[in-house]
Amino acid sequence: MARHLILLAVSATFGVTAHSLLNVRLLIIILIFLCFLYFSVGLNVKALSFHLVIMGIFLGAASFSDHRNKTAYHGTESQFIITFTDQPNIDGNSLKGFIGSEKGERLVLRYKITTELEQEKLSQFLRIGLSCPAEGTLQIPEKNRNENSFDYQRYLFRQDTHWIFKADSISFQECKEGGNSILVSIRNLRLKGIAYIREHFPEESSGFVTALIFGDQRYIDEGDLTNYQRLGLVHLLAISGLHVSFLTGVLFYIGIRVGITRERMMMAILLFLPVYMLLSGASPSVVRSCSMAMLFFLLLLFKKRISAGAAIGSTYLALLFFRPNMLYDIGFQLSFAVTFSIIMSSSIFLQYPKKSMQLFILSSICQLAALPILLFHFFEVSLLGVFLNVLYVPLYSIILLPFSLISLLIHLLLPSFGQLLISLLNFTFVLCNKAADAASELPLASIPFGKPPFLMMFLLVISLIGLCLTWEVSFEKSKIWCGMIIVLLLLQFNLQRFSPFGEVQIIDVGQGDSILIILPFNRGNYLIDTGGHITFPIDTWAIKRKKFNTADDIIIPLLKSKGIHQLDKLILTHPDADHMGSAKELIDNFKVAEIIIGGWSEEQYRDMDFVTVAREKKVKMTVLKRGDQWVAGGARFAVLSPFEQEENKNDSSIVLFTELGGVSWLLTGDMGEEGERELLRTFPQLQADILKVGHHGSKTSSSAPFLEQLQPKAALISVGKDNRYGHPHGDVIGNLEGNGIKVFRTDEDGSIIYKYYKSSGTFRKTLP
């Protein structure tokens with residue numbers, strides 16, 4: 001039964017996927033799956049027809065879900081009655097989170113808190129179920145503005161959310177209670193529990209205790225969370241079957257010991273699990289583990305038993321039928337993939353008598369099951385994580401999880417004694433986090449493989465399935481599949497070395513500059529500028545827990561998605577914050593072989609943070625000026641500027657000329673009209689097919705004489721959407737269009753990508 005349910009779950013997955021991704025490739029995979037069922041599993045035509053029916057049913061469920069996912073708003077509305085339906089998130093000077101509207105529609109709230117007093121009042125006042133009048137505007141969520149980046153619009157759509165409500169004012173004094181339902185009461189109890197932990201537990205451990213008990217990771221230190229993610233340990237901080245098994249086991253044992261019958265304890269657990277599901281945030285992993293436990297105890301109550309395989313298959317089918325869009329949730333994918341691998345491979349690790357070996361094999365199987373998902377979404381994996389899980393899984397399951405629960409309960413009953421336990425717990429978390437921090441710096445901590453193409457993903461999944469099926473019979477027979485996985489990973493790791501394609505990408509970093517150049521066959525990876533933001537002094541209370549940084553949030557994920565393992569040159573055109581403001585984070589978290597700065601600007605860089613980091617990492621630093629050049633991958637890069645000391649930092653920008661993909665490029669940094677005139681005087685024959693417009697298209701750049709001599713066919717403008725400076729200036733756009741020049745701009749087009757092969761290439765935009 002378990003095997004048939006799992007095969008039906010695969011068919012259901014194809015049905016849901018077909019609704020949004022019906023193409024020739026998917027049809028070929030479905031055909032291969034049906035052939036597998038017929039020839040390998042031995043299903044007859046009638047059974048195959050049933051699988052096709054299941055695909056049709058789940059295709060219909062996905063279509064119906066999509067049909068119901070409509071908005072009642074036009075985007076012009078300004079007055080609302082909002083209800084806090086989820087945990088309000090106060091982060092510095094912002095209030096955000098999901099809310100419900102008077103039309104029953106889910107919205108994302110964005111509200112700016114103006115004073116520290118208001119922040120304190122909201123922290124005490126806000127709770128789930130509160131309804132308040134509000135005024136503001138509706139905004140369409142952003143699509144992904146860079147290649148392979150997170151698509152926030154699609155993410156919200158799959159959660160039945162179509163609008164961001166940017167509130168100008170919320171009349172908190174007119175708020176009313178929206179009823180005291182059991183659901184609201186449980187969620188508010190969760191809020192109180194989180195607030196209690198944050199108040200009484202030390203900062204180093206409160207975020208971890210909150211994550212382990214209530215499933216909320218937002219209060220974990222950003223650096224610690226990043227380390228756990230890099231090492232493949234972040235699953236320990238998500239509530240899953242481990243937590244549910246522990247809690248239900250403890251409750252069942254206590255109940256039996258105090259004299260409650262088994263039947264009544266099973267009924268009590270059936271009532272407890274839905275409550276716990278809400279208390280712990282109802283994430284996909286929580287819903288999966290609680291649903292499986294409820295099914296198990298329900299059948300046990302009626303003297304029936306179900307295998308773990310049948311339980312996970314049934315739970316998967318039920319969740320996917322009622323919430324088809326859960327299929328696209330990363331937590332849902334990882335939770336079911338890892339749990340399924342543990343259940344299906346139980347006979348494998350039980351073949352080994354030593355517990356330590358069993359744990360290592362189990363950790364390896366879990367990492368392999370998660371491998372395709374991690375590569376597809378995050379483009380990197382941790383080989384070190386296989387070994388670290390052997391240490392951290394018992395540590396969290398046997399010590400930290402129970403200790404966190406006991407410390408909280410005792411502190412509620414006996415605060416003085418509880419404080420001693422909390423101090424000991426905090427000490428343990430600090431040690432664990434220091435060890436994780438040290439491990440994250442090791443070479444195998446995180447290896448970027450790049451986003452696998454379709455064929456690579458398909459072969460990898462087939463190889464993993466083949467490995468599990470043959471390993472169960474004999475490890476000797478599984479070696480060929482193991483070898484194939486290693487070959488595929490090595491191929492994926494070195495994919496860029498075999499690629500004959502080159503690329504120039506204007507990365508959308510908002511109001512700033514960042515250009516990525518990838519030469520064919522991995523002959524050079526260059527980044528010109530890092531973007532960055534001009535920072536202003538801000539009160540301590542208004543500082544957000546996670547600060548946006550273009551290197552961490554945009555550039556490094558993009559580099560990893562491309563399978564780039566190091567930057568051969570980081571070229572900083574000039575020392576403005578919007579061009580080099582994220583250099584420190586980039587050098588800190590990514591391998592950089594050489595940093596290039598312009599001549600006569602060394603003093604301006606001397607005291608900057610990134611220079612200190614570069615020296616510590618022994619990164620080569622080079623100063624370039626007019627006349628310098630280098631050749632790589634058959635392309636020559638010539639430095640046209642700077643040529644002398646400039647008072648204006650913009651005119652001291654490094655200006656590069658090169659030919660890539662059959663066209664010539666002039667990359668000008670923030671050079672203004674004075675620099676353009678000097679360039680024309682020195683290079684009277686200068687022409688370029690592609691111009692990177694200087695200074696984000698401000699009025700001080702791209703003068704008419706400059707454009708007339710240069711005669712570019714296309715102009716690229718790196719500029720922030722709705723920026724405060726009014727870039728690009730209307731006169732500049734008029735000059736460009738008046739000369740018949742095709743204009744690409746990141747505020748309207750997202751990142752702009754020129755991909756080429758030998759002497760020909762094409763432009764494409766990220767935004768439609």
Side-chain angles (χ1 to χ4, degrees), residues 6 227-238 240-242 245 285 308-309 312 330-331 333-398 432 435-436 439-440 442-449 452 456-457 459-493:
I6 290 169
N227 289 336
Y228 275 72
Q229 289 169 340
R230 283 170 56 85
L231 296 169
L233 299 173
V234 75
H235 65 92
L236 297 171
L237 308 176
S240 61
L242 182 72
S245 300
S285 61
I312 192 173
I330 300 171
Q333 295 170 8
L334 286 171
S335 179
F336 273 98
V338 172
T339 307
F340 169 77
S341 69
I342 292 172
I343 292 170
M344 293 295 102
S345 60
S346 58
S347 60
I348 295 175
F349 55 82
L350 290 176
Q351 296 173 9
Y352 301 87
K354 291 185 178 180
K355 293 293 182 183
S356 57
M357 192 61 183
Q358 286 183 6
L359 194 55
F360 175 75
I361 297 297
L362 179 61
S363 176
S364 302
I365 290 171
C366 290
Q367 293 283 33
L368 286 171
L371 181 63
I373 300 169
L374 295 175
L375 286 179
F376 183 81
H377 292 292
F378 304 112
F379 329 119
E380 61 182 343
V381 293
S382 172
L383 295 184
L384 197 60
V386 176
F387 304 96
L388 288 173
N389 271 280
V390 175
L391 298 173
Y392 273 77
V393 168
L395 178 63
Y396 267 78
S397 58
I398 298 172
C432 290
S440 68
L442 297 175
L444 296 179
S446 182
I447 304 174
F449 283 86
M456 183 67 70
M457 281 289 291
L459 293 175
L460 190 58
V461 171
I462 293 296
S463 300
L464 288 169
I465 293 171
L467 174 64
C468 290
L469 292 176
T470 52
W471 195 355
E472 191 173 8
V473 178
S474 168
F475 179 70
E476 292 298 321
K477 293 181 178 179
S478 67
K479 285 182 178 179
I480 187 170
W481 291 106
C482 190
M484 189 174 292
I485 292 170
I486 293 171
V487 169
L488 289 172
L489 289 176
L490 287 173
L491 181 61
Q492 176 62 35
F493 183 81

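Side chains are part of it too, since the values below use all heavy atoms of this structure and drop only hydrogens, waters and symmetry mates.
Residues Leu231 and Leu384 meet the side-chain proximity criterion, which asks for heavy atoms closer than 4.5 Å. Looking at Leu464 and Pro372, their side chains come closer than 4.5 Å, going by heavy atoms from C-beta outward. Here the side chains of Leu489 and Leu375 are in contact, with some heavy-atom distance below 4.5 Å. Val381 has its side chain out of reach of Gln367: every pair of non-hydrogen atoms, C-beta onward, lies at least 4.5 Å apart. You'll find the side chain of Leu237 reaches within 4.5 Å of the side chain of Tyr396, heavy atoms only. Using a 4.5 Å cut-off on side-chain heavy atoms (C-beta onward), Ser363 and Val393 make no contact.
Nearest heavy-atom pair across Gly385 and Asn389 is O-ND2, 2.7 Å. Looking at every heavy atom in both residues, Gln492 comes nearest to Pro452 through OE1-CA, 3.5 Å. Leu444 approaches Ile447 most closely through the heavy-atom pair CD2-CD1, 3.8 Å.
With rounding to the nearest 0.5 Å, the separation of OG in Ser285 from CD1 in Ile330 is 13.0 Å. Atom-to-atom distance recorded for Leu233:CG and Leu395:CG is 10.5 Å, nearest 0.5 angstrom.
Using a distance-only test at 3.5 Å, with no hydrogens or angles considered, a donor-acceptor pair links the side chain of Ser382 to the main chain of Ala445.
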